[in-house]
Amino acid sequence: MKHLATGSCLCGTVSFHINGEFESFFLCHCSRCRKDTGSVHAANLFSSKAKVQWLAGQESIKTFQLPGTQHAKSFCMICGSALPTVQMNGALLVVPAGSLDSQISIRPNAHICYTDRAEWADGLETVDKICALPD
């Protein structure tokens, strides 16, 4: 199986390889994903064929499954960073794009759940862009 990507958490405790191809890349604006990320949307890669290989820190991974839903999130118990999650009884790998350390070739396919977006998400392309921390 082709090695595609490497990733880790913020503190470096958890590291992983992703083997296989991503089939889609969605930016989800639903309220659950906004709460998961604390941001305007989640940015997740999806694959029904790729596999995650944990290199270090697997014992520091916690998965939260929202009761009564298919919504799940895995994260490092030390630093809180989002990590890959195997869902749907192993049929789907969901990888937070920000957890990857390597470049990926796939670009986002779509903004999903866009009508559920936060009201402050509109017009972000017009906000000033600063290349470092503001003074």
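Quick caveat, the model's predicted, so the values are computed rather than measured.
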(request) With the side chain counted from C-beta on, respond yes when L66 and F64 share a heavy-atom pair under 4.5 Å apart, and no when they do not. (result) yes

(request) Go through the steps to decide whether L100 and T6 satisfy the test side-chain contact (heavy atoms from CB on, under 4.5 Å), and finish with yes or no. (result) CA-CA 6 Å; L100 296 175; T6 60; over 6 Å; no

(message) Checking D128 now: which residues fulfil side-chain hydrogen bond (donor to acceptor under 3.5 Å, both in side chains) with it, not counting sequence neighbours?
(response) none

(request) Supply the atom-to-atom distance H29 NE2 to D116 CG, rounded to the nearest 0.5 angstrom. (result) 10.0 Å

(request) Name the orientation class of the two ring planes belonging to F46 and F26 (parallel below 30°, tilted from 30 to 60°, perpendicular beyond 60°). (result) tilted

(message) Using the side chain to side chain contact (heavy atoms under 4.5 Å, CB included) definition, which of the options T37, D36, N44 pairs with P96?
(response) N44

(request) Evaluate side-chain hydrogen bond (donor to acceptor under 3.5 Å, both in side chains) for S8 paired with S15, printing each intermediate quantity in order. (result) CA-CA 4 Å; S8 61; S15 60; over 6 Å; no

(message) Any heavy-atom pair between the side chains of V14 and W54 that's under 4.5 Å?
(response) yes

(request) Hey, could you give me the SG/CG distance between C113 and L27, rounded to the nearest 0.5 Å? (result) 11.5 Å

(request) For residues Y114 and H111, report the shortest heavy-atom separation together with the two atoms involved. (result) CD1-CB, 3.8 Å

(message) Using side-chain heavy atoms (C-beta onward) and a distance below 4.5 Å, is V94 in contact with K73?
(response) no

(request) Look only at the side chain of S47 and the backbone of E21, and say whether a donor-acceptor pair between them is shorter than 3.5 Å. (result) yes

(request) Indicate yes or no: at least one non-hydrogen side-chain atom of Q53 is less than 4.5 angstrom from one of I18. (result) no

(request) Nearest 0.5 Å please: distance from the OG atom of S48 over to the CD atom of E23. (result) 3.5 Å

(request) Quick one: do F75 and I61 satisfy side-chain contact (heavy atoms from CB on, under 4.5 Å)? Show the steps, please. (result) CA-CA 6 Å; F75 56 93; I61 300 170; over 6 Å; no

(request) Determine, step by step, whether L124 and V40 satisfy the side-chain contact (heavy atoms from CB on, under 4.5 Å) criterion, reporting the C-alpha distance in whole Å, the side-chain angles of both residues, the deciding distance to 0.1 Å, and the verdict. (result) CA-CA 10 Å; L124 291 178; V40 68; 4.1 Å; yes

(message) I want to check something: taking the side chain as every heavy atom from C-beta on, are C33 and H71 in contact at a cut-off of under 4.5 Å?
(response) yes

(message) Ignoring hydrogens, what is the shortest heavy-atom contact between C11 and I78? Give both atom names and the distance.
(response) SG-CG2, 3.9 Å

(request) For Q65 and A72, work out which heavy atoms get closest and say how close. (result) OE1-CB, 3.5 Å

(message) Under the criterion side-chain contact (heavy atoms from CB on, under 4.5 Å), I'd like the reasoning laid out for L45 against I104: C-alpha separation, chi angles, the key distance, then a yes or no.
(response) CA-CA 10 Å; L45 299 142; I104 54 172; 3.8 Å; yes

(message) Side-chain heavy atoms nearer than 4.5 Å, only ILVMFWY residues, links allowed to pass through others: does that put L92 and F16 together?
(response) no

(message) If you define the side chain from C-beta out and look only at heavy atoms, does anything of V86 sit under 4.5 Å from V52?
(response) yes

(message) With rounding to the nearest 0.5 angstrom, report the CE to SG distance, M77 to C9.
(response) 11.0 Å

(message) With rounding to the nearest 0.5 angstrom, report the CZ to CG distance, F22 to L4.
(response) 5.0 Å

(request) Check for a donor-acceptor pair, side chain of T85 on one end and backbone N or O of S74 on the other, with a separation under 3.5 Å. (result) yes

(request) Please examine the side chains of R32 and T69, heavy atoms only from C-beta on, and report whether any two atoms are closer than 4.5 Å. (result) yes

(message) So, taking the atom named CG in N19 and the one named NZ in K49, what distance separates them when rounded to the nearest 0.5 Å?
(response) 15.0 Å

